[in-house]
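The block underneath contains the structure these notes are about, expressed in structure tokens.
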Amino acid sequence: MKIHGVAASEGIAIAKAFVMEHVELDYEKKSVSDPLKELKQLEEAIDQSEKELKVIRDKTAETMDEEHAMIFDAHIQILRDPEIASQVKEMVEQNKVNAVYALYEVTEMFANIFASMDDEYMKERAADVRDVRTRVASHMLGVKMSDPTLIDEEVIVIAHDLTPSDTAQLNKEFVLGFVTNVGGRTSHSAIMARSLEIPAVLGTKNVLEKVKDGDQIIIDGVHGDVIVSPTDQQIKEYQVMKQNYAQIRERLMAYKDQATVTKDERSVELAANIGTVEDVKGVLSNGAEGVGLYRTEFLYMNSDDFPTEDEQYEAYKEVLKQMGNQKVVIRTLDIGGDKELSYLDLPKEMNPFLGHRALRLCLEETELFKTQLRALLRASVHGNLHIMFPMVATLGELRDAKKILEEAKKELIDDDVKVGEYKVGIMVEIPSVAMLADLFAKEVDFFSIGTNDLIQYTFAADRMNEKVTYLYQPYNPSLLRLIKNVIDASHKEGIWTGMCGEMAGDQVASVILLGLGLDEFSMSPTSILRIRELFGKVKYEDMKEMADRVLQFGTEEEVKNEVDRMIEKL
Ligand code: PEP
Ligand code: MG
């Protein structure tokens, strides 16, 4: 059986399906007549959990290292903690309640104690206690948990949706790819897949209904296909495709340390988008010339509470240092839309992508914003920092954000903390800014066009809704004209324009953007070498002519056909 979806991250993977369903465990309080029976069940569940943890521990030591394996030793310790055990026992015996409830109450108390500690290491133990509880409770309740952290063999994850924090938790050693019912090329699970360099097919609508846990699966992230229970012949075919794909990557490696120049010697910059400090490895190994977008919200999403100023400082410093003199654009918190924080209770909104998100939220939660700005300013001494504000809609917002940045800087200087050089720019992802780019250009050092949002706002089409993915139209002349307006306005003021939306790494779009005069292209690290190779085959002057021509077309099909024809001839 073949299922089709959105080709969200390239590559081919062949493995067993791991179906991930979120099951709510029932921790309800119940009276019991036989507490001893409850405690016996609990003991059995603990024994089963220990066996499981030992297997995972040994596998992790084998496939990763001892350091990672130690996490599971800590889980076994929690499982056998005498204090927890005696309190649960006491509660069950004295109050005659079910053991699952007592387990929940006692572990929650311990987790809260850990969470309130100042020591960062101890704080993190709260999540471990809750993890262990989930494991034990699922055995007691006879519920099979599809917890992604438990994956200990090579699999392809199948889910209705993967939130960015689910994706962040996947055990990267074993997850060869993923397939979901919902989502598109620019949803954040797709972005995470590309930064992990694993294939992903999203928005299939019904994969969860069609695939059973353990089914053999092939995913083709180049064409967006998912083959369920393939024949031997199909497995052979895809193995060959997988090899070919690896060979192309190898060929492209020749461009790794080269500059990005067209045949007529125009240089542009190819930078990479990252979500975590670990992603810098992929940036360097794919020969990027800088980081064009560091989405800092993953730092907030991978944590149980707001990251402190020091934690953020360490992360920013690390990225800046690893990138040496190369430019690093760090974007301030862009939460909301499809990105939530478990510890920040944001009211449900009718239209989250049009709501109280990103800079709008930061301008209201000024302490939260200032903590991040202080961390950024402190890190500025370690490299070539560019601070970028997301989701700016008006000049007033930009001025307010810059004012808070100035205040943060003054506070640091008053405290004798050194602040280095840095640049300040904005994302152009709302049409109001693209239209007024000439005036914005006078007040910033750079622009970076965020087409993932700019397209959804220009065409009024939710980027998460697969029914309207046909309106994700990067080649539509209306969008191209908006982009031209931004680039021209920036050049008149002597500042540069980059693009960090997914469009920058798309081959057809990239040559048009080159012709429109875009200065910097920031994309998933794995797209860089392909674009560098392509740019080396074209002349800027020709692309400029082509861009002028396609700006007069009416539909995106016409634009795409014209560019495809040109690329075919190369
Ligand atoms: C964009 O909107 O194009 C962008 C790069 O930001 P994000 O995808 O994080 O919204
Ligand atoms: Mg955006």
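First listed ligand is number 1; within each ligand, the first listed atom is number 1. The shown structure was predicted, so the numbers you read here are calculated from the model rather than taken from an experiment.
Protein heavy atom at the shortest distance from atom 6 (O) of ligand 1 is R331 NH1, 2.9 Å.
The Mg ion (ligand 2) lies under 2.8 Å from an N, O or S atom belonging to D453.
A salt bridge links E10 with R530: at least one charged nitrogen is closer than 4.0 Å to a carboxylate oxygen.
For F18 and F174, the ring centers are positioned 6.0 Å apart or more.
Under a 4.0 Å criterion applied to the non-hydrogen atoms of C500, ligand 1 contributes the atoms 5 (C). Close contacts between ligand 1 and L293 involve ligand atoms 5 (C) [criterion: under 4.0 Å to a heavy atom]. Ligand-side atoms of ligand 1 in range of K339: 9 (O), range being under 4.0 angstrom from any heavy atom. Proximity to R463 (heavy-atom distance under 4.0 Å) selects the following atoms of ligand 1: 2 (O), 7 (P), 8 (O), 10 (O).
Looking at E502, R295, M391 and measuring to atom 7 (P) of ligand 1, the nearest heavy atom belongs to R295. Proximity annotation for atom 1 (C) of ligand 1: of N452, N273, L454, N452 comes nearest, heavy atoms only.
The closest approach between a heavy atom of M499 and any atom of ligand 1 is not below 4.0 Å.
Applying the side chain to side chain donor-acceptor pair (under 3.5 Å) test between N286 and each of R249, K281, K256, R532 identifies R249 as the sole match.
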